[in-house]
Amino acid sequence: MANSHDGGNRGASDAVPLLNIANVLTIVRLILVPVFVVVYWDPTPGRTWWAFAIFVVAAVTDKLDGHFARSRGLITDFGKIADSIADKALIISALVLLSLHGIVWWWVTIVFIVREVAIMALKTRLVMAAGMGGKIKMAAQSAGIALLLVPWASFLPMGAARIVIWAGYVLIGIALVFAITSAFGYVKAAGELLKRRKA
């Protein structure tokens, strides 16, 4: 999800209207974040399914807004900033609620939050494209969260439910590994950029 407005052959330009399909989708995702929080605050089976649906829709808007921004040349400075905020707000909100509900360990959520805050701080000072490790982290993180949101045991045999749930934990584990390794990559890239500036 991260920085899906980055890239493409066209940079942010005054000729690109601020109100375009890519930015509208990003705004929709921003609006869905508090809706998701309210719905999943009380994780009853019915509300959990709604939370899962909202999370998936928000994730889909991320793919779509990035596609439209790149393919139609709709990249704007607002889109770059809002897209990154929307991505991180959705993921962090989901992880915090999963921890509140005893599904994900708090230390895992804290590591993810510290990583995201640190990378955002770096990106406010230096322009850096999202690396492959960061993209893998986001994909595994999103899929893992989606799997852990679903109350599988309410409709699957216990054995099957455990397999799917553990698949979610494995994906979160993969995301955690790439979160840490890609963070070191960002720090290294930031150091190289600073050296070039001083040279």
Work out which heavy atom in [X] is nearest to a heavy atom in [Y]; give both atom names and the distance.
| X | Y | answer |
| --- | --- | --- |
| Leu32 | Ile54 | O-CG2, 3.9 Å |
| Ala59 | Leu90 | N-CD2, 4.4 Å |
| Ala51 | Val39 | N-CG1, 3.7 Å |
| Leu156 | Val164 | CD1-CG2, 4.4 Å |
| Leu97 | Trp41 | CD2-CE3, 3.5 Å |
| Trp106 | Val96 | CH2-O, 3.8 Å |

Worksheet item: Between His101 and Tyr40, how do the two ring planes meet: parallel, tilted or perpendicular, split at 30° and 60°?
Response: perpendicular
Worksheet entry | Plane angle bin for Trp49 and Phe52 - parallel if under 30°, tilted between 30 and 60°, otherwise perpendicular | perpendicular
Is there a path of hydrophobic side-chain contacts, each under 4.5 Å between heavy atoms of I/L/V/M/F/W/Y residues, joining [Y] to [X]?
| X | Y | result |
| --- | --- | --- |
| Val114 | Val117 | no |
| Val35 | Leu25 | yes |
| Val38 | Leu149 | no |
| Leu100 | Val33 | yes |
| Trp152 | Met158 | no |

Worksheet item: Got Ser182 and Arg115 here, is their nearest side-chain heavy-atom distance under 4.5 Å?
Response: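 Touching, per the 4.5 Å side-chain cut-off.
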Practice prompt. Would you indicate whether the side-chain heavy atoms of Ile165 and Leu147 approach each other to under 4.5 Å?
Written response: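 When only atoms from C-beta onward are counted, Ile165 and Leu147 do not touch, as no gap falls below 4.5 Å.
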Measuring from [X]:[atom1] to [Y]:[atom2], what's the distance to the nearest 0.5 Å?
| X | Y | atom1 | atom2 | value |
| --- | --- | --- | --- | --- |
| Leu176 | Ile180 | CG | CD1 | 4.5 Å |
| Leu95 | Ile145 | CG | CD1 | 4.0 Å |
| Met138 | Glu116 | CE | CD | 5.5 Å |
| Trp105 | Leu98 | CH2 | CG | 14.0 Å |
| Ile174 | Ile136 | CD1 | CD1 | 9.5 Å |
| Phe112 | Ile172 | CZ | CD1 | 5.5 Å |

Tell me if a side-chain donor or acceptor on [X] pairs with a main-chain N or O of [Y] at a distance below 3.5 Å.
| X | Y | answer |
| --- | --- | --- |
| Arg162 | Pro157 | no |
| Ser154 | Pro151 | yes |
| Thr61 | Arg29 | no |

Worksheet entry | Check against side-chain contact (heavy atoms from CB on, under 4.5 Å), Ile91 and Phe55 | CA-CA 9 Å; Ile91 293 297; Phe55 184 87; 4.2 Å; yes
Worksheet item: Does atom CZ of Phe184 have more than 12 heavy-atom neighbours, drawn from other residues, nucleotides or ligands, at distances under 6.0 Å?
Response: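 Incorrect, the count does not exceed 12.
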